[in-house]
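Structure provided below as structure tokens; questions to follow.
Bear in mind that the values here come from a model prediction, so they are computed numbers and not experimental data.
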Amino acid sequence: MTEKERIEVAMFGAGRIGTIHAGNLARHPGARLRYVVDVHQPAAEALAIKHGAQVASVEKVLADPAIGAVVIGSSTNTHADLILRAAAAGKAIFCEKPVDLDVERARACAAAVNKAGVTCMIGFQRRFDPTFAALKQRLDAGEIGKAEVLIVTSRDPAPPPASYIASSGGVFKDMLIHDFDIFRWILGGEAVSVHATGGSPGLPEMAATGDISHAAVTLRTRDGALCQINTSRRAAYGYDQRFEVLGSKGLLQAGNVRPTEVVAWSEQAISCDKPEAFFLERYRAAYALEIEHFFDALVKGTPVRTTIEDGIKALELAELATRSWREGKALECAI
């Protein structure tokens, strides 16, 4: 691909995830990172200098006809507005989850994207994790027959500060939205019921925020397949991300990723590395692969794997799970 054929891109957000995406954009042969936009000027300047880009405003980015795509990695409360404005400007869009914390506003974004006819991909990077993707491929090939039960474990190493919790939308929209996407992706169906429960054992400061630190969710599909998700905002041993699928002919498991695969054997114990420290390390490869997929789809004119509709479906499940927890009962889903 020549220099002229590269797609020029603007990065919205220069925080943790913006830094990861900017690095992957800079390394992608089909993309050129042209602009970085962030309300925190020093962060925007540092990231732009690192990758030979310019600091710009939202208005400048969207008015520039050379920009073919935008990557949205800014705070959640900016996602919907940037999607709407980018769609109106005719830009292809890659946006981190969630589309918005409000389901109706997320649906309005989808309507705008569809009306504009632009590509919009939502950053459910777990679908691009090599281990998870390999399990899905083997499941689809029929290795364990029909999937009957999915069990997902998703635990953060430590809870975020209360200031983050206050604007996060709660554990179901902030953390479990990824797991709801895994549910839909792996089982290939929609939920007909959701039952969520949870609490904050040992973390009274979390309860004081009006959120919970630990949750358990059971979902059922129309054909009776079950999914159980257990999550925690605190796991002393590291970032715990794994799931297993029980099928009619066997079981497939996708485990954690560790910094190394060295195992030490001694008279006292057999030991190995703890899981990766957090999501930036755990999904390093997945973040690169999803950006690669996004630009591949733009060049070839093919559909993206994680659409804005996928983002809305996961958000709807997160909303139902939140209601189920608060009301203390299972809720039926509108299919």
Side-chain angles (χ1 to χ4, degrees), residues 95-99 121-141 143-144 146-156 169-196 198 214-233 235 239-247 251-257 275-276 278-280 282-287 289-290 293 304-322 324 333:
C95 183
E96 275 299 317
K97 66 80 188 170
V99 177
M121 179 173 168
I122 301 302
F124 286 127
Q125 86 283 353
R126 295 183 190 183
R127 295 199 192 196
F128 295 87
D129 175 75
T131 297
F132 291 174
L135 183 150
K136 172 64 171 172
Q137 185 176 29
R138 292 169 68 168
L139 177 65
D140 289 347
E143 185 171 335
I144 61 167
K146 183 174 175 56
E148 297 172 345
V149 179
L150 168 65
I151 300 175
V152 181
T153 295
S154 182
R155 301 168 185 159
D156 280 2
V171 70
F172 298 105
K173 292 181 180 179
D174 181 43
M175 281 185 66
L176 275 82
I177 194 166
H178 279 293
D179 305 303
F180 293 134
D181 183 63
I182 289 288
F183 155 75
R184 297 184 62 249
W185 177 51
I186 293 296
L187 293 184
E190 303 296 345
V192 296
S193 70
V194 177
H195 188 197
H214 298 65
V217 182
T218 300
L219 305 103
R220 179 172 54 84
T221 66
R222 178 172 292 164
D223 64 1
L226 297 175
C227 174
Q228 294 177 314
I229 303 170
N230 71 88
T231 193
S232 172
R233 287 195 182 272
Y239 189 50
D240 194 355
Q241 297 284 298
R242 50 195 162 91
F243 65 81
E244 66 179 36
V245 187
L246 176 65
L251 175 76
L252 287 170
Q253 292 181 323
N256 283 309
V257 172
E276 288 282 15
F278 207 18
F279 68 95
L280 296 177
R282 169 64 176 82
Y283 292 112
R284 185 183 296 108
Y287 285 125
L289 289 169
E290 68 176 356
H293 168 73
V304 292
R305 286 188 220 161
T306 52
T307 65
I308 194 166
E309 285 76 20
D310 290 319
I312 292 168
K313 290 290 187 181
L315 183 62
E316 288 172 344
L317 290 175
E319 180 70 25
L320 279 169
T322 303
S324 174
C333 306

Report the distance from atom CG of L187 to atom CG of L226, rounding to the nearest 0.5 Å. 9.0 Å
So, taking the atom named CG in L150 and the one named CG in L219, what distance separates them when rounded to the nearest 0.5 Å? 9.0 Å
For N256 and R282, does a side-chain donor sit closer than 3.5 Å to a side-chain acceptor? no
Looking at K146 and D223, is there a salt bridge between them, counting it only when a charged N and a carboxylate O are closer than 4.0 Å? yes
Please report the C-alpha distance between D174 and K97 in whole Å, then the side-chain angles of each, then the deciding distance to 0.1 Å, and finally whether the salt bridge (Lys or Arg N to Asp or Glu O under 4.0 Å) criterion is met. CA-CA 9 Å; D174 181 43; K97 66 80 188 170; 3.7 Å; yes
Provide the closest heavy-atom pair for R127 versus A133 in the form atom of the first, atom of the second, distance. O-CB, 3.8 Å
Could you tell me which non-hydrogen atom of L317 sits nearest to which non-hydrogen atom of V194, and how far apart they are? CD2-CG2, 4.0 Å
Side chains of E290 and R305 in contact at under 4.5 Å (non-hydrogen atoms): no
Side chain to side chain contact (heavy atoms under 4.5 Å, CB included) against A254, all qualifying residues, sequence neighbours excluded: T131, F132, L135, F243
Any side-chain heavy atom of F183 sitting closer than 4.5 Å to one from V217? no
Quick check: do I144 and L251 have side-chain heavy atoms less than 4.5 Å from each other? no
Which heavy atom in A318 sits nearest to a heavy atom in K173, and how many Å separate them? CB-CG, 3.7 Å
Chi angles and distances behind the side-chain hydrogen bond (donor to acceptor under 3.5 Å, both in side chains) call for S154, Q241: CA-CA 5 Å; S154 182; Q241 297 284 298; 3.1 Å; yes
Would you check if Q253 and L246 make a side-chain contact, meaning some heavy-atom pair closer than 4.5 Å? no
Under 3.5 Å donor-acceptor, D156 side chain and A235 backbone: no
Say you draw a straight line from CE of M175 to CZ of R233; how long is it, rounded to the nearest 0.5 Å? 6.0 Å
Working to the nearest 0.5 Å, report the span between CD1 of I177 and CZ of F124. 4.5 Å
Measure the spacing between NZ of K136 and CG of L252 and express it to the nearest 0.5 Å. 11.5 Å
Decide side-chain contact (heavy atoms from CB on, under 4.5 Å) for H178 and Q125; before the verdict, give the C-alpha distance in whole Å, the side-chain angles of both, and the deciding distance to 0.1 Å. CA-CA 9 Å; H178 279 293; Q125 86 283 353; 3.2 Å; yes
Treating T306 as the side-chain partner and G123 as the backbone partner, does any N or O pair qualify as donor plus acceptor under 3.5 Å? no
Do you know the tightest heavy-atom contact between F180 and A314? CD1-O, 3.9 Å
Which distance, rounded to the nearest 0.5 Å, do you find between the CG of D310 and the CE of M121? 10.0 Å
Between C227 and V152, which heavy-atom pair has the shortest distance, and what is it? SG-CG2, 4.4 Å
N-O pairing of R126 and D179 below 4.0 Å: yes
Keeping the roles fixed (side chain from S324, backbone from L320), state whether a donor-acceptor pair exists under 3.5 Å. no
If you take all heavy atoms of A225 and A147, which pair is closest and at what distance? CB-O, 4.1 Å
Mind telling me whether H293 and F128 have parallel, tilted or perpendicular rings, with 30° and 60° as the class edges? tilted
Would you please test E244 and T153 for side-chain contact (heavy atoms from CB on, under 4.5 Å) and show each step? CA-CA 9 Å; E244 66 179 36; T153 295; over 6 Å; no
